[in-house]
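Note that the structure is predicted; figures quoted are calculated from it, not measured.
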Amino acid sequence: MRFTQEPEDAEKQGEITKDETVRFKSYLLSLGIDDPVTRDNFRSETQFHKSLAKQLADFLKQPVEEVGGMMSLADVYCRVNRARGLELLSPEDLLTACHTMAGLGLPLRLHKFDSGVMVLQLSSQNSEAVVAATEQSIRDLGSISAEQLAQELGISVVLAKERLLATEKAGKACRDDTIEGLRFYPNLFLEKV
């Protein structure tokens, strides 16, 4: 009977590097909120919502940055309640806390598009910057649909469409609405010939 030894590479295939371990631990830590703010700890609704707004801003700043500086309120609601475990937030409490953020000078603020879609976005990100970045994406590709912009920026299709509509409203894009769908083009009417 003869035993053969496997190459060392085969043994190392299952090993995890130090960098992967650190990254995995950071993912695990980001999955939850250690000490969620609850209404029981406060005498007034105002103090509860201010504390909740601070906790939400701390928890959501990095994820919002990772998705291009803007996250739909529906995604925020799901992410926060998943992280809070059994201490779930009502939609009303989340919305009130998000409204409170701007007055507290936090890095995130609530923004409402003309269509009614609400997002939590970085305070440093203003409407002009969003329009300029969207206009550049349109110019780079010649024309773009909401689906293409969503894929390019790594955001939801709803947010991509809202960005395109805001760019159109600012006069930086024109749309073509056909049976094939809605496409946006650079606004060449504003350029000098």
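Remark: E45 CD is packed, more than 12 non-hydrogen atoms of other residues, nucleotides or ligands lying under 6.0 Å away.
In terms of hydrophobic clustering, with Ile, Leu, Val, Met, Phe, Trp and Tyr side chains grouped at heavy-atom distances under 4.5 Å, I138 and I155 are assigned to a common cluster. Residue L159 is not grouped with residue V80 when hydrophobic side chains (ILVMFWY) are merged at heavy-atom distances under 4.5 angstrom, including chains of intermediate members. The hydrophobic clustering, which links ILVMFWY residues whose side-chain heavy atoms are closer than 4.5 Å, places L164 and V131 apart. By the criterion of side-chain heavy atoms lying less than 4.5 angstrom apart, applied directly or through intervening Ile, Leu, Val, Met, Phe, Trp or Tyr residues, V157 is not grouped with L153; the two fall into different hydrophobic clusters. When hydrophobic clusters are built by joining Ile, Leu, Val, Met, Phe, Trp and Tyr residues whose side-chain heavy atoms come closer than 4.5 Å, directly or via intermediates, L120 is grouped together with L104.
Interatomic distance, CD of E147 versus CG of L182, reported as 8.5 Å (0.5 Å rounding). Summarising the geometry, atom OG1 belonging to T96 is positioned 13.5 Å from atom NZ belonging to K50; distances are rounded to the nearest 0.5 Å. Rounded to the nearest 0.5 angstrom, K169 NZ and E162 CD are separated by 11.0 Å. For the atom pair K172 NZ and T134 OG1, the distance stands at 12.0 Å (nearest 0.5 Å). Considering CG of L94 and NE2 of H99, their distance stands at 10.0 Å, rounded to 0.5 Å.
Between the side chain of D93 and the backbone N or O of H49, no donor-acceptor pair lies under 3.5 Å. With hydrogens and angles ignored, the 3.5 Å screen pairs no side-chain donor or acceptor of S124 with any backbone N or O of P107.
For the pair L110/L95, a side-chain contact is recorded, criterion being any heavy-atom separation below 4.5 Å from C-beta on. Looking only at side-chain heavy atoms (C-beta outward), K161 and V117 stay at 4.5 Å or farther from each other. Between M71 and R79 there is a side-chain heavy-atom pair separated by less than 4.5 Å.
The shortest heavy-atom contact between L141 and E152 is CD1-OE1, 3.3 Å. The shortest heavy-atom contact between A173 and F184 is CB-CD2, 4.5 Å. The minimum heavy-atom distance between L106 and S123, with the atom names listed, is O-OG, 2.8 Å. Looking at every heavy atom in both residues, L149 comes nearest to R163 through CD2-CB, 4.4 Å. When all heavy atoms are compared, the tightest approach of A53 to M101 is O-CE, 3.7 Å. A pairwise comparison of heavy atoms in S143 and Y185 identifies CB-CE2, 3.1 Å as the closest pair.
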*List the steps and the verdict of side-chain contact (heavy atoms from CB on, under 4.5 Å) for S72 and V158.*
CA-CA 9 Å; S72 73; V158 171; over 6 Å; no
*Walk me through it: do D114 and L165 pass the test side-chain contact (heavy atoms from CB on, under 4.5 Å)?*
CA-CA 9 Å; D114 292 339; L165 291 172; over 6 Å; no
*Worked check of side-chain contact (heavy atoms from CB on, under 4.5 Å) between R183 and R175*: CA-CA 6 Å; R183 284 195 85 69; R175 75 165 105 173; over 6 Å; no
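Under the 3.5 Å distance criterion, with hydrogens and angles disregarded, a donor-acceptor pair is assigned to the side chains of Q62 and E66.
Judged as a side chain to side chain donor-acceptor pair (under 3.5 Å), and not counting sequence neighbours, T46 has no contacts. Residues satisfying the ring pair (Phe, Tyr, Trp, His ring centres under 6.0 Å) test with F113, not counting sequence neighbours, are H111.
Applying the side chain to side chain contact (heavy atoms under 4.5 Å, CB included) test between L108 and each of V64, D58, V119, L56 identifies V64 as the sole match.
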